[in-house]
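Please read the structure below before turning to the comments.
Start at 1 with the first residue, then count along the sequence.
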Amino acid sequence: MKTTVRFAPSPTGRLHAGNIRTALFNFLFARKTGGSFILRLDDTDTERSTREFARGIEEDLRWLGIEWTKEVRQSERFALYAAAVEQLKASGRLYPAYETPEELEVKRKRQLARGKPPVYDRAALKLTAEERGKLEEEGRKPHWRFLLEQRDVVWDDLVRGRQHVDAASLSDPVLVRADGTYLYTLPSVVDDIDLGITHVIRGEDHVANTAPQIQLFEALGAKSPAFGHHNLLVSADGQALSKRDRSLAIEGLRAEGIEPLAVVSYAAVLGTSDPIAPHVSLDEIVPGFDFAKLSRAPARFDPHELRLLNAKLLHMLPFNAVADRLRAMGVAGGDEFWEAVRGNLAVLADAKIWWEVVSGQLQPVIEDAKLCREAAALLPLEPWDGETWSAWSSAVKQATGAKGKALFAPLRLALTGREHGPELKQLLPLIGRTRAAARLEGKTA
């Protein structure tokens with residue numbers, strides 16, 4: 001049977017690190033098994049769901065390199081859900097209940113006060129047709145609950161191993177609200193059946209939903225998919241993550257200059273014992289993906305760790321991987337410039353800083369005017385290459401007696417205006433003799 005998985009975000013906001021980790025796990029699993037990855041937009045909440053957020057989700061996924069074979073929107077599939085509701089009503093598995101939220105809360109508090117679990121008492125099942133009619137005459141509209149079979153529900157979780165839940169310990173879940181709108185469970189299960197989903201891979205916060213969903217699959221005459229519930233993310237210090245934290249939003253990471261391959265390289269190993277390492281393509285990550293590697297403990301998301309990984313990735317990228325983006329930033333210099341500066345970049349935009357250093361107008365910092373003047377007089381004629389710096393700095397050392405930091409620091413400050421940076425043997429030929437001479441004399445050049 002062909003593997004088919006889905007990623008099902010709600011377009012009520014942009015994606016964050018936790019969403020992306022789930023999407024990536026589904027995508028990698030589909031790639032590894034030769035299966036299909038479906039994007040399902042859970043947009044039944046018409047008040048909060050927007051086209052703008054839907055486009056943002058698509059944009060974020062494409063930026064990360066996560067492509068889908070099919071896209072569906074729940075807002076276009078209501079006829080399927082209505083048919084499922086009628087099927088469940090006809091089989092006696094969906095029943096009307098009339099309690100208000102306030103009445104249910106009173107029941108819950110009473111049960112807790114008596115030391116009992118707050119499980120719905122199924123009082124609605126005891127109502128006669130006459131009593132239901134009277135409630136509706138009063139203006140009450142029913143919500144609809146799924147009648148659980150009170151038995152042990154067992155599944156072999158891809159991450160957590162064998163799981164079982166006694167359905168007698170659960171309340172019959174509400175599938176349809178009094179206003180006729182659907183809660184998450186019904187559309188999700190109906191879609192999974194219709195789309196042929198074979199594996200549901202999601203966060204462990206959904207474990208509690210699994211037993212009712214398995215029964216709902218069965219009640220609708222379908223085989224339940226396999227389930228895998230991965231660990232959730234916490235902050236570097238172990239605290240719960242806030243979705244309002246911009247450092248978690250894919251949109252925010254993009255704005256910060258984090259590379260998409262750094263994000264997926266990091267997300268793919270969070271919560272495993274695999275080393276954090278940069279990958280230059282998603283295809284490199286696929287072979288190592290394995291649910292067995294996932295820990296049950298929460299995975300720590302550390303933005304600082306991600307930034308370090310981003311720098312490592314840039315340091316290993318070949319020029320052709322960034323050439324178009326450099327040109328778009330107005331950075332020329334080709335492969336020679338990229339090889340010179342990539343080891344000093346934290347984000348790609350830093351390349352523009354170094355391009356301005358080698359080709360723009362720079363106010364030099366003159367720390368030792370006498371040494372710089374003598375150095376300017378000793379500049380060799382062009383053409384310059386990778387050996388020019390060594391020969392020239394040796395000549396300056398011999399002529400001035402300066403050595404070590406006393407030699408190299410004033411030259412770097414005059415030539416680049418900075419105390420640190422790429423190796424000068426690579427930068428010097430890019431700066432060129434005319435510009436180097438002017439800067440050594442303290443001129444803006």
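Sequence neighbours left out, the pairs with a member in residues 255-293 that pass ring-ring contact (aromatic ring centres under 6.0 Å, His included) are Phe25-Phe289, Phe29-Phe291, Tyr266-Phe301, Phe289-Phe291. Sorted by first then second residue, the ring-ring contact (aromatic ring centres under 6.0 Å, His included) pairs that include residues 305-327, not counting sequence neighbours, number zero.
Looking at Trp354, its side chain never comes within 3.5 Å of a backbone N or O of Leu345 through a donor-acceptor pair. Under the 3.5 Å distance criterion, the side-chain polar atoms of Glu103 are matched with a main-chain donor or acceptor of Thr100. A donor-acceptor pair under 3.5 Å links the side-chain atoms of Arg439 to the main chain of Ala445, judged by distance alone. The main-chain N or O of Pro287 is found under 3.5 Å from a side-chain atom of Lys32 such that the two form a donor-acceptor pair. Although no hydrogens or angles enter the test, the distance criterion places a donor-acceptor pair under 3.5 Å between the side chain of Thr210 and the main chain of Val207. With hydrogens and angles disregarded, a donor-acceptor distance shorter than 3.5 Å links the side chain of Ser91 to the backbone of Leu88. Although no hydrogens or angles enter the test, the distance criterion places a donor-acceptor pair under 3.5 Å between the side chain of Thr69 and the main chain of Phe37. Looking at Arg342, its side chain never comes within 3.5 Å of a backbone N or O of Trp338 through a donor-acceptor pair. When atom types are taken as modelled, the side chain of Asp152 and the backbone of His164 share no donor-acceptor pair closer than 3.5 angstrom. Under the 3.5 Å distance criterion, the side-chain polar atoms of Thr181 are left unmatched by any main-chain donor or acceptor of Arg177.
Applying the side chain to side chain contact (heavy atoms under 4.5 Å, CB included) rule to Arg14 yields the partners Phe53, Glu59, Asp60, Glu251, Arg254; only residues at least two apart in sequence or on another chain are considered. Residues passing the side chain to side chain donor-acceptor pair (under 3.5 Å) test with Lys126: none are found, sequence neighbours excluded. With sequence neighbours excluded, the residues that form a side chain to side chain contact (heavy atoms under 4.5 Å, CB included) with Ser359 are Trp355. Legend: residues meeting side chain to side chain donor-acceptor pair (under 3.5 Å) with Glu76, ordered by chain and number and at least two apart, are absent. Not counting sequence neighbours, the partners of Ser169 by the side chain to side chain contact (heavy atoms under 4.5 Å, CB included) test are Asp166. Scanning for side chain to side chain contact (heavy atoms under 4.5 Å, CB included) contacts around Glu336 gives Pro429, Leu430, with sequence neighbours left out. Residues passing the salt bridge (Lys or Arg N to Asp or Glu O under 4.0 Å) test with Arg202, sequence neighbours excluded: none. Residues satisfying the salt bridge (Lys or Arg N to Asp or Glu O under 4.0 Å) criterion with Arg160, sequence neighbours excluded, are Glu204.
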Checklist entry - Val85 and Trp144: side-chain contact (heavy atoms from CB on, under 4.5 Å), yes or no, with the steps? => result CA-CA 9 Å; Val85 165; Trp144 293 81; 6.0 Å; no
Next on the checklist: Is there a side-chain contact (heavy atoms from CB on, under 4.5 Å) between Asn19 and Phe7? Walk through the geometry before answering.
Outcome noted: CA-CA 9 Å; Asn19 300 137; Phe7 174 55; 4.1 Å; yes
Item to check | Full working for side-chain contact (heavy atoms from CB on, under 4.5 Å) between Arg93 and Phe146 | outcome: CA-CA 6 Å; Arg93 295 297 295 276; Phe146 177 57; 3.3 Å; yes
Checklist entry - Can you check side-chain contact (heavy atoms from CB on, under 4.5 Å) on Phe27 and Leu64, steps first, answer last? => result CA-CA 11 Å; Phe27 179 79; Leu64 291 163; over 6 Å; no
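Side-chain contact between Ser36 and Thr3: absent, with no pair of heavy atoms (C-beta onward) separated by less than 4.5 Å. The side-chain heavy atoms of Pro212 and Leu170, taken from C-beta on, include a pair separated by under 4.5 Å. In this structure, Ser10 and Asp45 have side chains that are not in contact, with every pair of non-hydrogen atoms separated by 4.5 Å or more. The shortest distance between side-chain heavy atoms of Pro187 and Asp42 does not fall below 4.5 Å. By the 4.5 Å heavy-atom criterion applied to side chains, Arg62 and Glu67 are counted as neighbours. The side-chain heavy atoms of Arg51 and Asp43, taken from C-beta on, include no pair separated by under 4.5 Å. Using a 4.5 Å cut-off on side-chain heavy atoms (C-beta onward), Lys134 and Tyr98 make no contact. Taking the side chain as every heavy atom from C-beta outward, Arg418 and Ile353 approach each other to under 4.5 Å.
Distance check, rounded to the nearest 0.5 Å: NE2 of His206 to NE2 of His230 gives 8.5 Å. Atom CH2 of Trp68 and atom NZ of Lys70 lie 15.0 Å apart (nearest 0.5 Å). A distance of 10.5 Å separates OH of Tyr184 from OG1 of Thr44, quoted to the nearest 0.5 Å. Rounding to the nearest 0.5 angstrom, the gap separating the CZ atom in Arg48 from the OG1 atom in Thr12 is 4.5 Å. Annotation: the span from Leu175 atom CG to Thr185 atom OG1 amounts to 6.5 Å, rounded to 0.5 Å.
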Atom pairs and distances, donor-acceptor, side-chain atoms in residues 189-199, under 3.5 Å, two or more places apart:
from, atom 1, to, atom 2, distance (Å)
Asp191, OD1, Arg77, NE, 2.6
Asp191, OD1, Arg77, NH2, 3.1
Asp191, OD1, Tyr81, OH, 3.1
Asp191, OD2, Gln74, NE2, 2.9
Asp191, OD2, Tyr81, OH, 2.8
Asp192, OD1, Arg6, NE, 3.0
Asp192, OD1, Arg40, NH1, 3.2
Asp192, OD2, Arg6, NH2, 3.0
Asp194, OD2, Arg77, NH2, 2.6
Thr198, OG1, Thr4, N, 2.8
Thr198, OG1, Thr4, O, 3.2

What side-chain donor-acceptor pairs closer than 3.5 Å can you find for residues 109-119, not counting sequence neighbours?
from, atom 1, to, atom 2, distance (Å)
Gln111, NE2, Val119, O, 2.7

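With no hydrogens or angles considered, a side-chain donor-acceptor pair links Tyr95 and Asp172 at under 3.5 Å.
The environment of NZ in Lys89 is crowded: more than 12 heavy-atom neighbours from other residues, nucleotides or ligands sit within 6.0 Å. Counting heavy atoms of neighbouring residues, nucleotides and ligands inside a 6.0 Å radius, atom CD of Glu419 does not exceed 12 of them.
What you find for Gly238 and Arg300 is that their closest heavy atoms are N-NH1, 2.9 Å. The minimum heavy-atom distance between Thr416 and Leu424, with the atom names listed, is CG2-CD2, 4.0 Å. Across Ala436 and Leu428, no two heavy atoms sit closer than the pair CB-CD1, 4.4 Å. Of all non-hydrogen atoms in Thr444 and Gln361, the two that sit nearest each other are O-OE1, 3.6 Å. The two residues Asn26 and Ile201 make their nearest non-hydrogen contact at ND2-O, 3.0 Å. When all heavy atoms are compared, the tightest approach of His143 to Glu99 is CE1-O, 3.2 Å.
Between Arg108 and Glu105 there is a salt bridge, since a side-chain N of the basic residue sits under 4.0 Å from a carboxylate O of the acidic one.
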